[in-house]
Amino acid sequence: SILVTGIAVVIGVPIGILCAVFMSHYCPKKLYRFVKPAINLLAGIPSIVYGFFGLVVIVPIMKELFGGSGKSLLTAGILLGIMILPTVIKTTESSLNAVPKSYYEGALALGATRIETYFKVSLRAARSGVITSVVQGVGRAIGEAMAIIMVSGNVPNMPQLFGSVRFLTTAIVSEMSYAPYGSLRRQALFSIGLVLFLFIMMINALLHTVASREES
């Protein structure tokens, strides 16, 4: 679960931030009219649809490139990276649009280029919103089950980048219906849920701590 979340963040967050900068500063108005609703639509697509997309598109590509079944830790990470993109783009773009124009104009007046202004001034001023988008993306990635269970192989192996794996969430989904009430197996599944909850809380606390230090 830690590895797949890391892969999703590495893929989704940089691409999402770059897309948000493009939409906020570079995107023509005619194109923006189509891109903005498309991002909102992608954010509202159910997880199972993303899982089906990964099964029929990403899995065959991974199978062709790396062999095996195509269902692996890397495949799940790529799919989760795609899933968190709309959330990262929406939140980051809103934060960039909220930055006062005087910041942009002042940086240009001091001799900064447009790219320097966007990435070193506007993006820094909107860092609280960017961190919020990362937190939301991580929360969706670590809590996802239905999509990744279709592309990960759902086999309880030791984590390998190109091997089938099982995550905390998919273990709960797969085993809960077979665990009798009050049994040790059911208690173990609730323990997995507790570990998952603590993991999410630790990530959120870490990101908020980093944000507080930067603001101070």
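Nothing fancy with the numbering, it's 1 onward along the sequence.
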Exercise. Answer yes if Phe197 and Ile2 sit in the same cluster of Ile, Leu, Val, Met, Phe, Trp and Tyr residues linked by side chain heavy atoms under 4.5 Å apart, and no otherwise.
Key: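 No, Phe197 does not connect to Ile2 through the hydrophobic network.
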Residues 15-27, side-chain donor-acceptor partners within the protein, below 3.5 Å, at least two apart:
from	atom 1	to	atom 2	distance (Å)
Ser24	OG	Asn97	OD1	2.9

Regarding [X] and [Y], do their side chains bring together a donor and an acceptor under 3.5 Å, going by distance alone?
X	Y	value
Glu144	Thr169	no
Thr92	Ser133	yes
Ser174	Asn154	yes

Quiz item: If you take all heavy atoms of Gly139 and Ile142, which pair is closest and at what distance?
Solution: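 That closest heavy-atom pairing would be O-CG2, 3.5 Å.
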Taking distance alone, no hydrogens or angles, what donor-acceptor pairs closer than 3.5 Å link side-chain atoms of residues 29-39 to residues at least two apart or in another chain?
from	atom 1	to	atom 2	distance (Å)
Tyr32	OH	Glu93	OE2	2.5
Lys36	NZ	Glu93	OE1	2.9

Distance-only criterion, 3.5 Å: show the donor-acceptor pairs between side-chain atoms of residues 52-75 and protein atoms not counting sequence neighbours.
from	atom 1	to	atom 2	distance (Å)
Ser69	OG	Lys71	N	3.3
Ser72	OG	Thr75	N	3.3
Ser72	OG	Thr75	OG1	3.0
Thr75	OG1	Gly70	O	2.7

Quiz item: So, Thr117 side chain and Thr113 main chain: donor-acceptor pair closer than 3.5 Å or not?
Solution: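 Answer holds: yes.
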Quiz item: For Met202, what are the other residues in its hydrophobic cluster, where any two members join if their side-chain heavy atoms are less than 4.5 angstrom apart?
Solution: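 None, because no other hydrophobic side chain comes under 4.5 Å of this residue.
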Practice problem: For Ile115, look at atom CD1 and say whether over 12 heavy atoms of other residues, nucleotides or ligands are found less than 6.0 Å away. | Solution: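 For Ile115, atom CD1 is not crowded (no more than 12 foreign heavy atoms under 6.0 Å).
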Quiz item: Considering residues at least two apart in sequence or located in another chain, which fulfil the side chain to side chain contact (heavy atoms under 4.5 Å, CB included) criterion with Arg124?
Solution: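 Counting only residues at least two positions away or on another chain, Arg124 forms a side chain to side chain contact (heavy atoms under 4.5 Å, CB included) with Arg127.
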Which pairs would a plain distance check flag for residues 181-188, meaning a side-chain donor or acceptor within less than 3.5 Å of a matching protein atom at least two apart in sequence or in another chain?
from	atom 1	to	atom 2	distance (Å)
Ser183	OG	Pro180	O	2.7
Ser183	OG	Arg186	N	3.3
Arg185	NE	Glu175	OE1	3.3
Arg185	NH2	Glu175	OE1	2.2
Arg186	NH1	Ala179	O	3.0

